[in-house]
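Questions regarding the structure given below will be posed in turn.
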Amino acid sequence: MMQEAYGAWDDDETTVARELEKTFDAAPDKITLATPYTAEDDEMKMALNLYDLVILNGNTYETYVSGVTDNWDPGRIALLDLLCIKLALAEFISFPHIPLKVSINEYLDIVQDYSSPNSGRFLNCVLDKLRISLADNGTIAKSGRGLRDK
């Protein structure tokens with residue numbers, strides 16, 4: 001990743017590592033790093049489940065997207081935006097305990113921080129159309145307090 005963003009990374013790797021070490025050593029309070037997730041953690045289980053669902057159902061999700069985006073080829077959608085749409089679809093369909101609006105808001109936050117300036121509006125429109133379309137045809141079945149829109 002660093003190599004892609006900064007081509008001279010290999011040349012400066014030793015210098016950067018040394019400077020980082022000095023910075024950490026000079027910190028007034030001891031810096032503690034977060035404990036890495038293990039396969040048994042709920043967050044890791046959900047992440048792996050989402051990953052599997054997007055890999056297994058990616059083409060189906062793209063078909064859903066094509067159905068609600070007139071004149072939009074999935075190949076023209078920013079990669080991060082398309083990935084967030086697919087992840088949201090996986091949550092919509094396969095995680096009955098997550099409210100639709102929570103999924104939408106989480107992925108909106110991601111694209112607003114990391115994608116193009118218009119991605120938030122685009123993603124919100126697409127996910128809202130998908131929410132309505134998939135709920136109408138019975139693909140999304142959420143029930144319980146806070147999980148239904150109607």
- Item | From CG (Asn118) to CD (Gln112), nearest 0.5 Å |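 Taking CG in Asn118 and CD in Gln112, the distance rounds to 11.0 Å.
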- Message: Would Lys101 and Arg131 count as a side chain to side chain contact (heavy atoms under 4.5 Å, CB included) here? Give the steps.
- Response: CA-CA 9 Å; Lys101 290 180 182 180; Arg131 174 188 62 83; 5.7 Å; no
- Message: For a side chain to side chain contact (heavy atoms under 4.5 Å, CB included) check, start with the C-alpha distance between Val126 and Tyr64, then their side-chain angles and the critical distance, and finish with the verdict.
- Response: CA-CA 10 Å; Val126 170; Tyr64 292 154; over 6 Å; no
- Task: Evaluate whether atom CD of Glu43 has more than 12 neighbouring non-hydrogen atoms of other residues, nucleotides or ligands under 6.0 angstrom away.
- Result: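 For Glu43, atom CD is crowded (more than 12 foreign heavy atoms under 6.0 Å).
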- Item | Matching residue for Phe92 among Thr139, Leu87, Ile104, Ile98 - test: side chain to side chain contact (heavy atoms under 4.5 Å, CB included) |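 For Phe92, the side chain to side chain contact (heavy atoms under 4.5 Å, CB included) check succeeds only for Ile104.
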- Message: Show, in sequence, the C-alpha distance, side-chain angles and deciding distance for Leu134 and Leu89, and conclude whether the side chain to side chain contact (heavy atoms under 4.5 Å, CB included) test is met.
- Response: CA-CA 9 Å; Leu134 296 175; Leu89 282 169; 3.4 Å; yes
- Message: With a 4.5 Å cut-off on side-chain heavy-atom distances among I, L, V, M, F, W and Y, is there a chain of contacts connecting Leu82 to Tyr51?
- Response: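 The answer is no; the residues belong to distinct hydrophobic clusters.
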- Query: Distance-only, no hydrogens or angles: does the Ser133 side chain make a donor-acceptor pair with backbone N or O of Lys129 under 3.5 Å?
  - Reply: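 Pair absent, no side-chain N/O of Ser133 close to backbone of Lys129.
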- Name the one of Asp81, Ile77, Ile110 that satisfies side chain to side chain contact (heavy atoms under 4.5 Å, CB included) with Ser119?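 Exactly one pass, corresponding to Asp81.
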- Task: Compare all side-chain heavy atoms of Met46 with those of Glu91 and state whether any distance is below 4.5 angstrom.
- Result: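 Answer yes - side chains close enough.
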- Message: Go through it in stages, so that I can follow the logic: the residues are Arg121 and Asn124, the test is side-chain hydrogen bond (donor to acceptor under 3.5 Å, both in side chains), and I'd like the CA-CA distance, side-chain angles, deciding distance and then a yes or no.
- Response: CA-CA 5 Å; Arg121 186 176 19 204; Asn124 190 40; over 6 Å; no
- Message: Whether Lys45 and Glu40 form a salt bridge (side-chain N of Lys/Arg under 4.0 Å from carboxylate O of Asp/Glu) is what I want to check.
- Response: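 Here Glu40 does not pair with Lys45 in a salt bridge, since their nearest N and O are not under 4.0 Å apart.
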- Euclidean distance, Leu123 CG relative to Asp128 CG, rounded to 0.5 Å: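 Nearest 0.5 Å value for the CG-CG distance: 11.0 Å.
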- Walk me through it: do Ile85 and Tyr107 pass the test side chain to side chain contact (heavy atoms under 4.5 Å, CB included)? CA-CA 8 Å; Ile85 291 169; Tyr107 294 107; over 6 Å; no
- Message: Hydrophobic cluster membership, with links at side-chain heavy-atom distances under 4.5 Å among I/L/V/M/F/W/Y: are Leu130 and Leu56 in one?
- Response: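 No, it is not one cluster - the side chains of Leu130 and Leu56 are not joined through contacts under 4.5 Å.
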- Can you find a heavy atom in the side chain of Val102 that is under 4.5 Å from one in the side chain of Phe95?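 Sidechains of Phe95 and Val102: no contact.
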- Gap separating the NZ atom of Lys86 from the CG atom of Asn57, nearest 0.5 angstrom: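 Going from NZ on Lys86 over to CG on Asn57, the span is 10.0 Å.
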- Message: Testing the basics here: between Ser115 and Ala78, what is the closest heavy-atom pair and its distance to 0.1 Å?
- Response: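 For Ser115 versus Ala78, the nearest heavy atoms are OG-CB, 4.3 Å.
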- Query: So if you build clusters from Ile, Leu, Val, Met, Phe, Trp, Tyr with side-chain heavy-atom gaps below 4.5 Å, do Ile132 and Phe122 land together?
  - Reply: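 Ile132 does not cluster with Phe122.
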